[in-house]
A.B. asks: 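My structure is below; once you've seen it, I'll send some questions.
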Amino acid sequence: MAQGGRLAAKTALISGGASGIGAATARRFVAEGARVALGDVQVEKGEALARELGEAAVFVRLDVTSEADWAAAVHAAQDRFGLLTTVVNSAGISVPASIEQESLEGFRRTLAINLEGTFLGCKAGVAALKGGQGGSIINLGSALGVKSGAPFAAYSASKGGVRLLTRSVAIHCGQAGYDIRCNCILPGAIHTEMVEGYVAEGEKAGAAREQVLAGFAAAHPLGRLGRPHEPADAIVFLASDESSFITGADLPVDGGMLA
Ligand SMILES: NC(=O)c1ccc[n+]([C@@H]2O[C@H](COP(=O)([O-])OP(=O)(O)OC[C@H]3O[C@@H](n4cnc5c(N)ncnc54)[C@H](O)[C@@H]3O)[C@@H](O)[C@H]2O)c1
């Protein structure tokens with residue numbers, strides 16, 4: 001994709017920005033002229049990426065389950081770059097377990113990071129953006145928040161929640177007269193650390209790495225896994241003024257999985 005100034009003058013806070021889709025989004029945002037704060041619990045990885053991206057990036061330690069961390073991260077980002085225009089809620093975990101395997105503790109942990117973390121990111125985002133020139137909040141849902149499978153009891157519950165939370169935030173901001181849009185992308189399987197976690201689980205259960213990856217690929221009509229820059233490109237669009245009349249939407253980036 002050609003790179004340019006599609007996000008010139010945008011200032012973003014990206015949770016989960018140290019790895020995978022969040023890191024790819026940070027790279028694409030900076031290439032399009034934005035300045036980005038990377039919020040993550042992985043400090044070394046996040047700091048290394050911020051160094052690589054240079055003056056346009058800063059790392060802030062952010063545990064998305066902590067409301068105080070969100071306040072501090074917004075403050076640090078605005079201190080460095082000025083008023084925020086964009087929040088991307090990409091932090092998330094996926095621990096495979098069926099309803100019989102999942103513990104209440106595990107279920108609550110997934111909901112705390114994926115759903116409550118996104119709730120807190122939207123809350124902090126609305127508060128910050130309405131004090132400035134408005135902007136765009138982009139949440140990471142999942143194709144597995146629309147359809148499910150046996151090992152996704154907690155994950156699908158969390159991502160289905162993210163999808164509808166997105167719509168509520170979008171409607172509220174529209175009705176309140178804030179110039180804030182809120183949208184959600186629904187990735188299929190994207191080859192990141194998260195998918196590598198499933199590969200490791202599969203290997204533990206005796207499957208070959210290639211077999212697990214082929215299983216993921218077969219779930220998409222395009223016949224392959226997604227690459228991290230593919231959801232990141234969709235996030236660039238939703239963060240840019242090119243999507244100025246789009247709010248409350250789910251955008252599948254799923255190789256046709258939901259078709
Ligand atoms: N990879 C996929 O196939 C896929 C598919 C659909 C949706 N998603 C969603 O996309 C988002 C990004 O996933 P990814 O594939 O890039 O995974 P990833 O594991 O590469 O990155 C997730 C990041 O979130 C961070 N994180 C975890 N808990 C956190 C916390 N409490 N506070 C702050 N940061 C925390 C991790 O440290 C990591 O850097 C997630 O919300 C995920 O559910 C991924």
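Numbering of residues begins at 1 and proceeds along the displayed sequence. Excluded from the calculations below are hydrogen atoms, water molecules and symmetry mates; all remaining heavy atoms, backbone and side chain alike, are included. In each ligand, atom 1 is the first atom listed, and ligand 1 is the first ligand listed.
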A.B. asks: Checking the N or O distance criterion of under 3.5 Å, is ligand 1 in contact with T192?
C.D. replies: yes

A.B. asks: Is K204 paired with E201 through a side-chain N to carboxylate O contact shorter than 4.0 Å?
C.D. replies: yes

A.B. asks: For the pair K10 (side chain) and V36 (backbone), establish whether a donor and an acceptor sit closer than 3.5 Å, ignoring hydrogens and angles.
C.D. replies: no

A.B. asks: Output side-chain donor-acceptor pairs under 3.5 Å for residues 243-258, partner residues at least two apart or in another chain, one line each.
C.D. replies:
from : atom 1 : to   : atom 2 : distance (Å)
S243 : OG     : R181 : NH1    : 3.0
S243 : OG     : R181 : NH2    : 3.1
S243 : OG     : F237 : O      : 2.8
S243 : OG     : L238 : O      : 3.2
S243 : OG     : S240 : O      : 3.0
S244 : OG     : D241 : O      : 3.3
T247 : OG1    : C182 : N      : 3.0
D250 : OD2    : R163 : NE     : 2.8
D250 : OD2    : R163 : NH2    : 3.2
D250 : OD2    : R167 : NH2    : 2.7
D254 : OD1    : G256 : N      : 3.0
D254 : OD2    : M257 : N      : 3.3
D254 : OD2    : L258 : N      : 2.8

A.B. asks: Checking a contact table here: which protein heavy atom is nearest atom 8 (N) of ligand 1, and how many Å away?
C.D. replies: Y155 OH, 3.4 Å

A.B. asks: Which protein non-hydrogen atom lies closest to atom 28 (N) of ligand 1, naming both residue and atom, and how far is it?
C.D. replies: I113 CG2, 3.8 Å

A.B. asks: So, does S90 use its side chain to make a donor-acceptor pair with the main chain of I21 at under 3.5 Å?
C.D. replies: no

A.B. asks: Within a reach of under 6.0 Å around CD of Q133, are more than 12 heavy atoms found that belong to other residues, nucleotides or ligands?
C.D. replies: no

A.B. asks: Please list the nearest protein heavy atom to atom 22 (C) of ligand 1 with its residue and the distance rounded to 0.1 Å.
C.D. replies: G92 O, 3.8 Å

A.B. asks: Among protein heavy atoms, which sits nearest to atom 12 (C) of ligand 1, and what does the distance come to when rounded to 0.1 Å?
C.D. replies: S90 O, 3.1 Å

A.B. asks: Judged on heavy-atom distance to atom 20 (O) of ligand 1, which of S19, A73, G17 sits nearest?
C.D. replies: S19

A.B. asks: Can you tell me the protein heavy atom closest to atom 2 (C) of ligand 1 and the distance?
C.D. replies: I190 N, 3.5 Å

A.B. asks: Heavy-atom distances under 4.0 Å are what count here, so tell me which part of K159 touches ligand 1: side chain, backbone, both or neither.
C.D. replies: side chain

A.B. asks: Closer than 4.0 Å to some heavy atom of V195 - which atoms of ligand 1 meet that?
C.D. replies: 3 (O)

A.B. asks: Heavy-atom distances under 4.0 Å decide this one: backbone, side chain, both or neither, for V41 against ligand 1?
C.D. replies: both

A.B. asks: Specify the protein heavy atom at minimum distance from atom 4 (C) of ligand 1: its residue, its atom name, and the distance to 0.1 Å.
C.D. replies: G188 O, 3.9 Å

A.B. asks: Between E67 and K123, is there a side-chain N and carboxylate O pair less than 4.0 Å apart?
C.D. replies: no

A.B. asks: Near L164 CG, under 6.0 Å, is it more than 12 heavy atoms from other residues, nucleotides or ligands?
C.D. replies: yes

A.B. asks: Q42 heavy atoms, cut-off 4.0 Å: which ligand 1 atoms fall inside?
C.D. replies: 36 (C), 37 (O), 38 (C), 39 (O)

A.B. asks: Check each atom of ligand 1 against the heavy atoms of A189 and keep those under 4.0 Å away; list them by number with element.
C.D. replies: 3 (O)

A.B. asks: Against heavy atoms of E193, which atoms of ligand 1 measure under 4.0 Å?
C.D. replies: 19 (O), 20 (O)

A.B. asks: Just to confirm my output: which protein heavy-atom neighbour is closest to atom 34 (N) of ligand 1, and how far is it?
C.D. replies: A91 CB, 3.5 Å

A.B. asks: Of S66, G117, S142, A112, which has the heavy atom at the shortest distance from atom 6 (C) of ligand 1?
C.D. replies: S142

A.B. asks: Strictly by salt bridge (Lys or Arg N to Asp or Glu O under 4.0 Å), give each pair with a member in residues 207-221 just once, sequence neighbours left out.
C.D. replies: E196-R209

A.B. asks: Students should be able to answer this: which protein heavy-atom is nearest to atom 31 (N) of ligand 1, and at what distance?
C.D. replies: D63 OD1, 3.0 Å

A.B. asks: Is there a donor-acceptor pair under 3.5 Å between the side chain of T85 and the backbone N or O of T11?
C.D. replies: yes

A.B. asks: A37 and F81: which non-hydrogen atoms are nearest, and at how many Å?
C.D. replies: N-CE1, 4.3 Å

A.B. asks: Going by the atom numbers of ligand 1, which of them fall below 4.0 Å from some non-hydrogen atom of G20?
C.D. replies: 16 (O), 20 (O)

A.B. asks: Name the residue from I93, L140, N139 that meets the side chain to side chain contact (heavy atoms under 4.5 Å, CB included) definition with N114.
C.D. replies: I93

A.B. asks: Applying the side chain to side chain contact (heavy atoms under 4.5 Å, CB included) criterion to T86, which one of I137, I138, L13, I235 satisfies it?
C.D. replies: I138

A.B. asks: From the options D40, L62, I21, select the one whose nearest heavy atom is closest to atom 16 (O) of ligand 1.
C.D. replies: I21

